Amino acid sequence: MSEPQGAHLVGSINFDDAETTMRTAAEHLGDRLKRIPDGEVGERFHWIVFQADRLGAADGIERVGDAPIPLRMLDMRPVRLAEGVRAADLELPPLGYADAALESYAVFSRLKGEGAIPLATRFQVSLPTPLGVVGSFVWAADRIEFEPVYERALAAELDRILAEIPHDELAIQWDAALEFAMLEQQKSFTGQPYEWFDDVWSGTSERLARQIDRVPADVEVGVHLCYGDVAEKHFVEPRDTENLVRFANLAVGAAERPLTWLHLPVPIERDDADYFAALAGLAIPQQTELYLGLVHREDGAEGAERRIAAAQQHVSRPFGVATECGFGRAPEGTTVPLFETHRAVAAAW
């Protein structure tokens, strides 16, 4: 088979500012990328953790625990409704996603005007699913009541992005991670299940489909499936791609609009064809781009090529390459070599 075509950047990238991220990505991978993210810089450096502070600032919401749980400038304590407060009566503060996107898009647009980013490239905005934030940071007893409130607030952030960024330059990615903690029957640190609904397969996939359908047809939409990346470790190692494929098929089947791309992880030690076997049953349209997260900084192009060869035993459709998650928390100095690994193992568009 021919080599993979194209590369995808999941979201977080280990630079301090959006301009460095986008300029460097375009310099090293410009002809491999259809879209470029801003690197999830600033308070977004640890994915959704900053949402706990955002929600905790609302009247009627309390932090759980007396002492902050610090993570750099953030406090990881969960939130709960204050006694007597109904979630429907809350006024949530801005969640921060629209402000960050609009600030970074201004940089993206300027770099495009300077010729540093190819004209056809889109600006990628990565958003968590509401399920991810509610399941991670809202006290279990409040999740049912709080979910629609947070979902509306995140939809308002998306609507502002859609109103202010030209649709032909925009791509939205939904990050689905806690979904797989639920599907793999993981428990939270309290020992309780993450989910607050009965049928975990339909509950997770139908919720994701609802977010996919929030993105209008003239804006690209993709999904990043994730097994976690805290300290570059999964919360559980996927046995193979079976659950990834099952979930993707359910979500794509439930969504009304087509998916532009799908990304899924490949653990570093899985260069065996068995890991990829279930991908033969992936029921996504041919026009949906598929990216396999098989690039790892620890073994570079040689390791990626082994995993590509294993994948090609079961994946007959074209696919591109990616890391299995963002790499905003990777060791300093590893980003450009990672970009070069993508370039070495994937053809240009």
Side-chain angles (χ1 to χ4, degrees), residues 2-13 18-19 21-40 101 104-105 107-127 158 161-162 165-176 212 215-226 248 252 255 257-266 282 284-295 304 308 311 315 317-327 335 338-349:
S2 60
E3 66 182 330
Q5 184 177 33
H8 178 67
L9 298 175
V10 172
S12 67
I13 296 170
E19 178 161 354
T21 299
M22 294 187 282
R23 190 183 288 279
T24 310
E27 177 186 350
H28 291 272
L29 284 173
D31 60 356
R32 266 72 168 175
L33 298 173
K34 289 193 172 183
R35 47 200 78 88
I36 291 180
D38 71 353
E40 298 179 9
S104 292
Y105 173 72
V107 177
F108 175 88
S109 186
R110 173 169 56 79
L111 292 176
K112 224 184 213 191
E114 295 172 5
I117 293 176
L119 279 176
T121 307
R122 290 189 181 229
F123 176 60
Q124 178 183 317
V125 177
S126 299
L127 298 172
L158 174 62
I161 293 166
L162 292 168
I165 296 178
H167 287 196
D168 61 357
E169 288 195 272
L170 182 61
I172 301 294
Q173 176 176 279
W174 294 106
D175 296 335
I212 292 170
V215 181
D218 58 350
V219 174
E220 292 186 341
V221 65
V223 168
H224 156 51
L225 305 184
C226 185
V252 170
R257 66 149 293 168
L259 193 66
T260 313
W261 77 89
L262 174 71
H263 167 276
L264 56 90
V266 180
L282 186 63
I284 60 174
Q286 194 67 21
Q287 65 266 29
T288 298
E289 300 161 31
L290 174 64
Y291 294 96
L292 302 183
L294 45 72
V295 173
I308 288 166
V315 183
R317 58 176 290 143
F319 64 85
V321 303
T323 51
E324 59 180 355
C325 196
F327 43 92
T335 299
L338 262 175
F339 286 166
E340 289 305 310
T341 297
H342 287 74
R343 185 171 192 85
V345 299
W349 287 105

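Counting from 1, the numbers follow the sequence of the chain as shown. Bear in mind the structure is a predicted one, so any value in this text is a computation, not a measurement.
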Note to self: Tell me which one of Thr288, Ile212, Ile284 satisfies side chain to side chain contact (heavy atoms under 4.5 Å, CB included) with Val252.
What the structure shows: Ile284

Using salt bridge (Lys or Arg N to Asp or Glu O under 4.0 Å) as the criterion, list what pairs up with [X], not counting sequence neighbours.
{"X": "Glu169", "value": "Lys112"}
{"X": "Arg257", "value": "none"}
{"X": "Arg35", "value": "Glu220, Glu289"}

Within this structure, what is the [atom1]-[atom2] distance for the pair [X] and [Y], rounded to the nearest 0.5 Å?
{"X": "Phe108", "Y": "Leu170", "atom1": "CZ", "atom2": "CG", "value": "9.5 Å"}
{"X": "Ser126", "Y": "Ile172", "atom1": "OG", "atom2": "CD1", "value": "8.5 Å"}
{"X": "Ile165", "Y": "Arg122", "atom1": "CD1", "atom2": "CZ", "value": "11.5 Å"}
{"X": "Gln124", "Y": "Gln173", "atom1": "CD", "atom2": "CD", "value": "5.0 Å"}
{"X": "Leu9", "Y": "Thr21", "atom1": "CG", "atom2": "OG1", "value": "9.5 Å"}
{"X": "Ile36", "Y": "Asp38", "atom1": "CD1", "atom2": "CG", "value": "11.0 Å"}

Does a side-chain heavy-atom distance below 4.5 Å link [X] with [Y]?
{"X": "Pro265", "Y": "His224", "result": "no"}
{"X": "Cys226", "Y": "His263", "result": "no"}
{"X": "Phe123", "Y": "Pro166", "result": "no"}

Next item on the list: List the steps and the verdict of side chain to side chain contact (heavy atoms under 4.5 Å, CB included) for Leu262 and Leu282.
Entry: CA-CA 11 Å; Leu262 174 71; Leu282 186 63; 4.0 Å; yes

Notebook entry, point to check: His8 and ring-ring contact (aromatic ring centres under 6.0 Å, His included): which partner among Phe319, Trp261, Trp349?
Noted result: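 Exactly one option meets the ring-ring contact (aromatic ring centres under 6.0 Å, His included) with His8, and it is Trp261.
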
Next item on the list: Could you check whether the rings of Phe339 and Phe327 sit parallel, tilted or perpendicular, using 30° and 60° as the cut-offs?
Entry: perpendicular

Check: Ignoring hydrogens and geometry, is there a side-chain-to-backbone donor-acceptor pair from Glu324 to Leu264 under 3.5 Å?
Finding: no

Note to self: Taking His342's backbone N and O only, do any of them form a donor-acceptor pair with Arg32's side chain (distance below 3.5 Å, no angle check)?
What the structure shows: no

Taking all non-hydrogen atoms of both residues into account, name the closest pair between [X] and [Y] and its distance.
{"X": "Val345", "Y": "Ala304", "result": "CG1-CB, 4.1 Å"}
{"X": "Ser104", "Y": "Ala18", "result": "OG-CB, 3.7 Å"}
{"X": "Pro4", "Y": "Val321", "result": "CB-CG1, 3.7 Å"}
{"X": "Pro118", "Y": "Gly30", "result": "CG-O, 4.0 Å"}
{"X": "Arg317", "Y": "Pro285", "result": "NH1-O, 3.3 Å"}
{"X": "Val221", "Y": "Leu259", "result": "O-CD1, 3.6 Å"}

Could you list the residues that satisfy side-chain contact (heavy atoms from CB on, under 4.5 Å) with [X], not counting sequence neighbours?
{"X": "Ala116", "value": "Arg23, Leu111"}
{"X": "Ala344", "value": "Ala301"}
{"X": "Pro216", "value": "Leu162, His167, Asp218, Val219"}

Next item on the list: Could you walk me through whether Thr335 and Thr24 pass the side chain to side chain contact (heavy atoms under 4.5 Å, CB included) test, one step at a time?
Entry: CA-CA 9 Å; Thr335 299; Thr24 310; 5.7 Å; no

